*Asks:* 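Take this structure, written in structure tokens, and hold onto it; I'll ask about it next.
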Amino acid sequence: MKFFVKPTLVAVAVMAMMGCQEEIAAKAVTLETEDQKQAYALGASIGSYMNNNLTEQQKFGVVLDKELLMAGFTESLNGKGQIEKEEIQKLLMALDQKVNEKKQEQAALATEKNIADGAAFLAENAKVEGVQTTESGLQYQVLTTAEGAKPMASDTVKVHYKGTLIDGTTFDSSYDRGEPIEFALNRVIKGWTEGVQLMNVGSKFKFVIPSELAYGPTGTGPIPGNATLVFEVELIEIIAAAAPEAEAEAAK
């Protein structure tokens, strides 16, 4: 478990001083010598870190009293801190736990909303002309037809793709990176394994993938839990799986 000890107490106090310009007049500083610049740089680094930290806490409804932050800092600097070191550690661990609990509560509410939003999006998308729904719930629409071969789950394929959330937010795109990607079709999310097997080389499909065929309740990276995903996929090439005899020969 992550928790903050003495450096964090200094950090939050420095951030409090930087954030209380309404109450405390800004003090002019001199930055001429290397020592002065290094001291200022350290404070700036801590301040920037704590600004991000406090802002993140506020997102989850945890707001710290800056006046008390200032008091803790200045009193401790003068050797008159009102809380012992061991108690400080316990309090900061409790703060960290509270933030994590708030974060989990908000995540749970968000994932429930994602389920409802995804179901509504899938229902509306199913009405779009040309959209097909498979037995698993995967939806697909042919954007560009082609006569090339279709891959099997055991194949490796080369594709260009763009992935978005249902609100249109792009979370990944090989087009943006400027190069297609290769992957084994049986080592990706279920919606991709099923959907790309429906494609001919040279074709382009649009897939709407329910969360249970994507990343489920946990999500991943920028993809939240229980998110329904939208992909535009262009199948460029099939790289057939090597036969067992060929693999054995290559291994020699």
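Nothing here was measured: the structure is a model prediction, and the numbers come from that model. Position 1 is the first residue of the sequence, and the numbers go up from there.
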*Asks:* When you compare the side chain of Val99 with that of Leu95, does any pair of heavy atoms fall below 4.5 Å?
*Replies:*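 A side-chain contact under 4.5 Å exists here.
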
*Asks:* Can you tell if the side chain of Lys190 reaches within under 4.5 Å of the side chain of Ser136, non-hydrogen atoms only?
*Replies:*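 No. Closest side-chain heavy atoms not under 4.5 Å.
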
*Asks:* Between atom NZ of Lys98 and atom CG of Asn100, what is the distance when rounded to the nearest 0.5 Å?
*Replies:* 12.0 Å

*Asks:* Look up atom NZ in Lys206 and atom CD in Gln141, then write down how far apart they are to the nearest 0.5 Å.
*Replies:* 6.0 Å

*Asks:* Please list all pairs meeting ring pair (Phe, Tyr, Trp, His ring centres under 6.0 Å) that have one or both residues in residues 78-112, counting only residues at least two apart or in different chains.
*Replies:*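 Checked against ring pair (Phe, Tyr, Trp, His ring centres under 6.0 Å) - neighbours excluded - no pair reaches residues 78-112.
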
*Asks:* What are the two closest heavy atoms between Ser203 and Ala146, and how far apart are they?
*Replies:*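 Closest heavy-atom pair between Ser203 and Ala146: N-CB, 3.5 Å.
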
*Asks:* Is a donor on one side and an acceptor on the other found under 3.5 Å between the side chain of Gln36 and the backbone of Glu32?
*Replies:*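 Pair found, side chain donor or acceptor close to backbone of Glu32.
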
*Asks:* Give me the atom names and distance for the closest heavy-atom approach of Lys150 to Ile238.
*Replies:* C-CD1, 3.5 Å

*Asks:* Atom CZ of residue position Phe183 - does it have more than 12 heavy atoms of other residues, nucleotides or ligands inside 6.0 Å?
*Replies:*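 Yes, CZ of Phe183 has more than 12 neighbouring heavy atoms, counting only those of other groups under 6.0 Å.
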
*Asks:* Please report the closest heavy-atom contact between Ile236 and Pro180, naming both atoms and the distance.
*Replies:* CD1-CB, 3.6 Å

*Asks:* Any chain of hydrophobic side-chain contacts (each under 4.5 Å) joining Phe171 to Ile181?
*Replies:* yes

*Asks:* Checking side chain to side chain contact (heavy atoms under 4.5 Å, CB included) for the pair Met199/Phe207: CA distance, chi angles, key distance, verdict?
*Replies:* CA-CA 11 Å; Met199 303 179 68; Phe207 297 107; 3.9 Å; yes

*Asks:* For Lys59, does its backbone N or O pair with a side-chain atom of Gln106 as donor and acceptor, under 3.5 Å?
*Replies:* yes

*Asks:* Please report the interatomic distance OG(Ser211) to CG(Leu122), rounded to the nearest 0.5 Å.
*Replies:*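 One finds 8.5 Å between OG of Ser211 and CG of Leu122.
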
*Asks:* Which distance, rounded to the nearest 0.5 Å, do you find between the OG1 of Thr156 and the NZ of Lys158?
*Replies:* 11.5 Å

*Asks:* Identify all side-chain donor-acceptor contacts of residues 212-234 below 3.5 Å with residues at least two apart in sequence or on another chain.
*Replies:*
residue : atom : partner : partner atom : Å
Thr218  : OG1  : Tyr215  : O            : 3.4
Glu234  : OE1  : Tyr175  : OH           : 3.0

*Asks:* Applying ring-ring contact (aromatic ring centres under 6.0 Å, His included), can you list everything that pairs with Tyr140, at least two apart in sequence or on another chain?
*Replies:* Phe205

*Asks:* Looking only at atom types and distance, does a side-chain atom of Thr193 sit under 3.5 Å from a main-chain N or O of Asn186, one as donor and one as acceptor?
*Replies:*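 A pair under 3.5 Å: no.
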
*Asks:* Return the CG to CD distance between Leu109 and Glu105, rounded to the nearest 0.5 Å.
*Replies:* 7.5 Å

*Asks:* Does Asp96 reach the main-chain N or O of Leu92 with its side chain, forming a donor-acceptor pair under 3.5 Å?
*Replies:* no

*Asks:* I need the full list of side-chain hydrogen bond (donor to acceptor under 3.5 Å, both in side chains) pairs touching residues 159-168, with sequence neighbours left out, sorted by first then second residue.
*Replies:* His160-Ser174, Tyr161-Asp172, Tyr161-Arg177, Asp167-Thr169

*Asks:* Check the hydrophobic clustering (I, L, V, M, F, W, Y; side-chain heavy atoms under 4.5 Å; chains of links allowed) and say if Ile115 and Ile166 are grouped together.
*Replies:*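 Unlinked, Ile115 and Ile166 end up in two clusters.
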
*Asks:* Tell me the closest heavy-atom pair linking Leu235 and Val159, and the distance in Å.
*Replies:* CD1-CG1, 3.9 Å

*Asks:* Side-chain heavy atoms under 4.5 angstrom apart, residues restricted to Ile, Leu, Val, Met, Phe, Trp, Tyr: same cluster for Val188 and Leu138?
*Replies:* yes

*Asks:* Only pairs under 3.5 Å count here: list side-chain donor-acceptor contacts from residues 123-132, not counting sequence neighbours, and write none if there are none.
*Replies:*
residue : atom : partner : partner atom : Å
Glu124  : OE2  : Lys127  : NZ           : 3.1
Asn125  : ND2  : Gln139  : OE1          : 2.6

*Asks:* If I compare all heavy atoms of Ala153 with all of Gln197, which pair ends up nearest, and what's the gap?
*Replies:* N-OE1, 3.3 Å

*Asks:* Suppose we screen for salt bridge (Lys or Arg N to Asp or Glu O under 4.0 Å). Which residues come up paired with Glu112, at least two apart in sequence or across chains?
*Replies:*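 Counting only residues at least two positions away or on another chain, Glu112 forms no salt bridge (Lys or Arg N to Asp or Glu O under 4.0 Å).
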
